[in-house]
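Just so you know, ligand 1 is whichever comes first in the structure, and atom 1 is the first atom listed for that ligand. Owing to the predicted nature of the structure, the values given are computational and were not obtained by experimental measurement. Any value given below was found using the heavy atoms of this structure, including those in side chains, with hydrogens, waters and symmetry copies removed.
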Amino acid sequence: MRDGSIVDYLVVGSGLFGAVFSQQAKEAGRSVRMIEKRDHIGGNCFSYEFDDTNITVHAYGTHIFHTSDPDIWNYVNRFTEFNRYQHRVLTTHRSKVYSMPINLGTINAFYGVNLRPNEVESFLASKRGDIANPGNLEEKAISLIGRDLYEAFIRGYTKKQWGCDPKLLPASIITRLPVRTSYHDSYFDDLYQGIPVGGYTPIFERMLEGIPVELRTDFLKDLGYWRSRARKVVYTGPIDAYFEYEYGRLNWRSVRFESEKVASDDFQGTSVMNYADDDVPFTRINEPKHLHPERKFPPGVSVVVREYSLVDNDRPYYPVNFDEDKEKLAKYRDLQAQEKSTLFGGRLAQYRYYDMHQVIGSALKVAKAELSA
Ligand code: UDP
């Protein structure tokens with residue numbers, strides 16, 4: 001569709017930020033057009049039905065929706081119903097299965113002890129050593145759980161996931177995971193949690209209703225043309241690519257997924273099994289049928305998806321945030337600030353390790369400020 005009309009907003013990228021912004025802009029009576037480089041909408045939230053199994057696979061890794069913000073929850077519920085799934089994660093270390101995040105059950109099983117909750121703090125204190133100001137992921141983790149638990153459950157997994165020594169990573173990554181002195185093993189403690197009953201793609205279809213979307217269309221290949229088609233651009237792709245890598249490339253981690261149909265009702269008994277050890281090449285195995293306890297599935301079949309972490313800066317998933325990245329990012333942010341007719345949003349354009357609810361919150365906020373101006 002290369003027509004002469006000029007829209008209020010050209011939204012680049014159909015992930016959560018782009019979809020929420022578009023939906024809000026359209027609802028506010030603005031004209032919106034969306035372009036998307038891939039051959040599907042939904043960004044990394046995209047989900048699809050695997051053959052005729054009634055199993056919905058999250059194409060880019062298991063996505064659990066969770067938030068404590070009633071506004072975000074009410075907003076997203078306009079576009080889907082959620083099931084009552086509560087996420088629990090298990091991890092395999094040296095062929096034994098433990099519960100994550102680290103909780104009393106993990107600690108007792110790992111050390112072969114039977115601590116009571118009020119004994120955990122002094123027990124961990126005896127394992128921690130003295131790290132006054134933890135300056136990186138490794139130091140932070142050891143200061144929280146001690147070296148043994150760190151080496152068993154965090155070091156190998158983190159090395160695989162981020163492709164580097166955990167000493168080089170920011171402490172903030174590990175503070176995503178709580179450490180619990182009770183047996184409470186729910187991964188998230190948010191007020192609201194669940195999986196969209198029909199998977200994630202229908203959310204995007206509903207948000208984008210009435211908005212023209214052009215797939216397989218790369219904004220950066222024809223920037224001048226696309227700019228001329230809209231009063232404003234909303235860009236949700238990688239920030240370094242937008243500025244033609246002027247200050248060099250930012251570090252991203254990517255993920256490769258290997259899906260397989262297996263002849264089993266239940267392959268691993270849970271939706272996500274992490275593999276903590278360095279010598280197992282994948283970080284985790286997903287078995288998506290467990291995300292939908294409300295569904296009936298044909299007997300004798302399941303789908304499993306192995307996740308391998310790798311570097312592929314053309315398929316960015318996770319911002320790494322090395323010190324060199326922080327320096328480059330500051331410079332890219334200065335350039336962003338000068339782009340008066342472009343808005344930047346989402347994990348890639350902001351180079352931030354956002355969860356879904358945070359992206360929605362940020363898109364609603366940006367849309368409100370923009371559309372009421
Ligand atoms: N992590 C770990 N072992 C685990 C799970 C997580 O070491 O079994 C660390 C790892 O560094 C990971 C971080 O905790 O990158 C955050 O984990 P989360 O589950 O939030 O990652 P995501 O689901 O976003 O990939």
Side-chain angles (χ1 to χ4, degrees), residues 16 43-45 58-67 87-94 96-103 105-107 109-110 134 136-180 185-190 193 195 251-257 268 270-278 280 282-286 288 291 305-311 315-322 346-348 352-359:
L16 264 181
N44 279 6
C45 295
H58 300 170
Y60 303 95
T62 300
H63 282 62
I64 317 296
F65 195 86
H66 58 98
T67 181
H87 196 41
R88 290 193 163 70
V89 174
L90 298 168
T91 186
T92 299
H93 166 58
R94 301 218 174 117
K96 257 191 91 173
V97 174
Y98 299 87
S99 152
M100 285 296 280
I102 291 172
N103 61 67
T106 324
I107 297 168
F110 180 72
N136 59 55
L137 195 154
E138 173 166 307
E139 290 176 4
K140 182 74 195 177
I142 294 175
S143 77
L144 291 168
I145 55 177
R147 185 168 286 280
D148 305 334
L149 290 165
Y150 164 72
E151 286 183 355
F153 299 114
I154 309 294
R155 188 175 63 187
Y157 185 94
T158 299
K159 230 173 120 196
K160 285 191 283 187
Q161 159 85 3
W162 297 95
C164 68
D165 188 324
K167 285 192 197 78
L168 300 173
L169 292 165
S172 58
I173 291 180
I174 204 64
T175 46
R176 287 169 62 86
L177 293 187
V179 178
R180 306 220 179 95
D185 62 350
S186 172
Y187 210 59
F188 306 111
D189 271 341
D190 285 297
Q193 185 177 166
I195 303 289
N251 286 295
W252 304 91
R253 285 305 283 178
S254 190
V255 188
R256 181 168 64 81
F257 299 94
Q268 62 178 15
T270 192
S271 57
V272 179
M273 177 67 78
N274 288 355
Y275 282 82
D277 300 333
D278 229 354
V280 178
F282 40 84
T283 51
R284 48 192 171 192
I285 301 183
N286 305 275
L291 299 171
V305 185
R306 289 181 178 78
E307 269 186 58
Y308 298 82
S309 175
L310 69 153
V311 176
R315 286 170 211 272
Y317 285 62
Y318 295 96
V320 182
N321 259 312
F322 288 136
R347 205 188 252 217
L348 302 182
R352 284 184 65 176
Y353 193 174
Y354 273 137
D355 287 336
M356 289 181 285
H357 64 288
Q358 294 167 321
V359 179

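- Applying the salt bridge (Lys or Arg N to Asp or Glu O under 4.0 Å) criterion to R306, with sequence neighbours excluded, gives E260.
- The aromatic rings of Y98 and H93 are tilted relative to each other, their planes meeting at an angle between 30° and 60°.
- Other residues, nucleotides and ligands place no more than 12 heavy atoms under 6.0 Å from the CZ atom of R94.
- Ring-plane geometry between H63 and H58 is classed as perpendicular, the angle between the planes exceeding 60 degrees on a 0 to 90 degree scale with a lower cut at 30.
- Near ligand 1, heavy-atom contacts under 4.0 Å come from M100, F153, I154, Y157, T158, Q161, W162, I173, I174, R176, L177, Y187, N274, R284, Y318, Y353.
- With sequence neighbours excluded, no residue forms a salt bridge (Lys or Arg N to Asp or Glu O under 4.0 Å) with E139.
- Under the rule for a side-chain contact (heavy atoms from CB on, under 4.5 Å), the partners of E307 that lie at least two apart in sequence or sit in another chain are V255, F257, T283, R284, N286.
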